[in-house]
Amino acid sequence: MPSPQDFTLITGASSGIGEALARRLAGERRPVALVARRTDKLERLAGELRAAHGGEVQVLTADLAKPGAGAALEAEVGRRGMVVDWLVNNAGFGTHGRFHELPVARELEEIQLNVAALVELTGRFLPAMVERRRGAVVNVASVGGFGPGPFMATYCATKAFVLSFTESLAAELRDTGVHVLCVCPGFTRTEFQEKVETFDTSAMPSFVWMTADQVAEQAIAAVGQRSVLVNGLMNAVAAGLYKHLPAAITTRLIGGMMKPKDA
Ligand SMILES: NC(=O)c1ccc[n+]([C@@H]2O[C@H](COP(=O)([O-])OP(=O)(O)OC[C@H]3O[C@@H](n4cnc5c(N)ncnc54)[C@H](OP(=O)(O)O)[C@@H]3O)[C@@H](O)[C@H]2O)c1
């Protein structure tokens, strides 16, 4: 069991998978630190979790796509006397459309949040875990990280980075007492899709969808058990297809599925 100052720090805890992870971990009486931009949503969740479970819940507002945010977050964690025992790098977003038509500044912001912030926070909090010989880093990638994704080119590339980076770390840290896990969800009902307005998911059959709580439950159970978790059977099949079919075929299949509404 973690000691009182040991926290699970969850980025992107104000909605979706991050919120579901926070609810489950707080329910297991783990102290949690909730990170995102929307303080009001974090405070509301924190109040609810404290009332339901009586545990320690900290709120840390941060825009992780902004330069300096990682250093400021580490400093605030230190100032509050918290120890990051588990780090969950979950915050992320996806852009959708033909790359040449998308604002490049937003693509760079996506790389900053999905990749650079994840690497930075891992680099800031992992050394102390290795020194203590315990802890966990949970990085949320996507089944889209298993191969190229036309119309979500930058997004899938960021998730391929997360998958590769996390598997490498898991191998490096074997036998150190620190667990490393890459979580690869597929279609999950969260705010993610609402934010990708040009991607019409209305025709997706219900069996491809998972809930954020299902993803969170599987992720927590997989810590210390494996280095990569692909959530659900459908996504495991998709990841297998990416591995075994030539890219010329998968890009056609994925491109057909991801085509923008106006195409
Ligand atoms: N939903 C899916 O189908 C799906 C599939 C595969 C992978 N994923 C991955 O799962 C992770 C969680 O996504 P979700 O589905 O739960 O989506 P979501 O409901 O949109 O949650 C995204 C979270 O990231 C936070 N966030 C966004 N920009 C941020 C920033 N600049 N700084 C700090 N926090 C920021 C958001 O909070 P604020 O807006 O309050 O900052 C929110 O809490 C992402 O990495 C996503 O790529 C999702």
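If you read the sequence from its start, that first residue is 1, and numbering goes on from there.
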Between Met204 and Met257, does the side chain to side chain contact (heavy atoms under 4.5 Å, CB included) criterion hold? Intermediate values first, please. CA-CA 9 Å; Met204 295 285 167; Met257 201 173 74; 3.6 Å; yes
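- If you take CG on Leu163 and SG on Cys156, they are separated by 11.5 Å, rounding to the nearest 0.5 Å.
- Using a 4.5 Å heavy-atom threshold, the side chains of Val162 and Thr158 count as separate.
- Side-chain contact annotation: Thr211 with Asp213, donor-acceptor N/O pair under 3.5 Å absent.
- Between Asp63 and Ala69, the shortest heavy-atom contact is O-CB, 3.2 Å.
- Note on Trp86: it does not cluster hydrophobically with Val180, by side-chain heavy-atom contacts below 4.5 Å among ILVMFWY residues.
- The main-chain N or O of Trp209 is never found under 3.5 Å from a side-chain atom of Arg189 such that the two would form a donor-acceptor pair.
- The side-chain heavy atoms of Gln218 and Met210, taken from C-beta on, include a pair separated by under 4.5 Å.
- To the nearest 0.5 angstrom, Leu241 atom CG is 9.0 Å from Thr250 atom OG1.
- In terms of hydrophobic clustering, with Ile, Leu, Val, Met, Phe, Trp and Tyr side chains grouped at heavy-atom distances under 4.5 Å, Val83 and Phe125 are assigned to different clusters.
- Counted within 6.0 Å of NZ on Lys195, heavy atoms from surrounding residues, nucleotides or ligands total more than 12; the atom is thus considered enclosed.
- Under 4.0 Å is where a charged nitrogen must lie from a carboxylate oxygen, and between Glu191 and Lys41 at least one such pair does.
- Contact of the Leu173 side chain with the Met129 side chain is not registered, since no non-hydrogen atoms from C-beta on lie closer than 4.5 Å.
- In this structure, Glu110 contributes its side chain and Thr95 its backbone to a donor-acceptor pair below 3.5 Å.
- Using a cutoff of 4.0 Å between basic side-chain nitrogens and carboxylate oxygens, Arg80 and Glu76 are scored as salt-bridged.
- Under the side chain to side chain donor-acceptor pair (under 3.5 Å) test applied with Asn89, the options Thr166, Thr11, Thr122 reduce to a single match, Thr122.
- Side-chain contact between Val228 and Glu167: present, with at least one pair of heavy atoms (C-beta onward) separated by less than 4.5 Å.
- When all heavy atoms are compared, the tightest approach of Val143 to Val230 is CG2-CG1, 4.3 Å.
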Any chance you could lay out the side chain to side chain contact (heavy atoms under 4.5 Å, CB included) test for Arg30 and Asp85, step after step, and finish with the verdict? CA-CA 10 Å; Arg30 277 184 170 270; Asp85 184 44; 3.9 Å; yes
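- Side-chain N or O atoms of Asn114 include one that pairs as donor or acceptor with a backbone N or O of Phe93 at under 3.5 Å.
- Heavy-atom minimum distance, Leu102 versus Gly97: CD1-O, 3.9 Å.
- In this structure a side-chain-to-backbone donor-acceptor pair under 3.5 Å is present from Asn90 to Gly12.
- Here the shortest heavy-atom pairing between Ala36 and Ala13 reads CB-N, 4.2 Å.
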Take Tyr155 and Phe192 through the ring pair (Phe, Tyr, Trp, His ring centres under 6.0 Å) test and state the conclusion after the steps. CA-CA 12 Å; Tyr155 179 73; Phe192 184 92; 5.4 Å; yes
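- Residues Glu120 and Leu73 are not in side-chain contact: their nearest non-hydrogen atoms beyond the backbone lie 4.5 Å or more apart.
- For the atom pair CG of Leu253 and OG1 of Thr251, the computed distance is 8.0 Å after rounding to the nearest 0.5 Å.
- Side-chain contact, Thr201 with Gln193: no donor N or O sits under 3.5 Å from an acceptor N or O.
- Counting only heavy atoms from C-beta outward, the side chains of His96 and Pro260 approach each other to under 4.5 Å.
- Qualifying salt bridge (charged side-chain N to carboxylate O under 4.0 Å, His left out) partners for Arg252, counting only residues two or more places apart in sequence or in other chains: none.
- Phe7 and Ile10 fall into different hydrophobic clusters, where Ile, Leu, Val, Met, Phe, Trp and Tyr residues are linked whenever their side-chain heavy atoms come under 4.5 Å apart, directly or through other members.
- Annotation: side chain of Leu64 is in contact with side chain of Leu121 (closest heavy-atom distance under 4.5 Å).
- Distance check, rounded to the nearest 0.5 Å: CG of Asn139 to NZ of Lys159 gives 9.0 Å.
- Checked for salt-bridge contact, Glu19 and Arg23 meet the test: a charged N lies under 4.0 Å from a carboxylate O.
- Heavy-atom minimum distance, Ala219 versus Leu21: CB-CD2, 4.2 Å.
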Go through Arg124 and Val84 one step at a time and tell me if the side chain to side chain contact (heavy atoms under 4.5 Å, CB included) criterion holds. CA-CA 10 Å; Arg124 289 185 181 279; Val84 176; over 6 Å; no
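- Nearest heavy-atom pair across Ala26 and Leu49 is CB-CD1, 3.9 Å.
- Following chains of ILVMFWY side-chain contacts shorter than 4.5 Å, one can reach Val130 starting from Val137, so the two form part of one hydrophobic cluster.
- Annotation: ring-ring contact (aromatic ring centres under 6.0 Å, His included) contacts of His179 (sequence neighbours excluded): none.
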Intermediate values then yes/no, side chain to side chain contact (heavy atoms under 4.5 Å, CB included), Glu109 and Arg106: CA-CA 5 Å; Glu109 201 179 323; Arg106 185 75 174 144; 3.1 Å; yes
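- Contact check for Leu9 versus Leu60: side-chain heavy atoms found under the 4.5 Å cut-off.
- In this structure, Ile254 CD1 and Tyr242 OH are separated by 3.5 Å, a value rounded to the nearest 0.5 Å.
- Arg98 places no side-chain N or O within 3.5 Å of a backbone atom of Pro150 that could act as its donor or acceptor partner.
- Separating the CG atom in Leu229 from the SG atom in Cys184 is a distance of 7.0 Å, to the nearest 0.5 Å.
- Both Val35 and Leu113 are assigned to one and the same hydrophobic cluster, defined by single-linkage of ILVMFWY side chains at heavy-atom distances under 4.5 Å.
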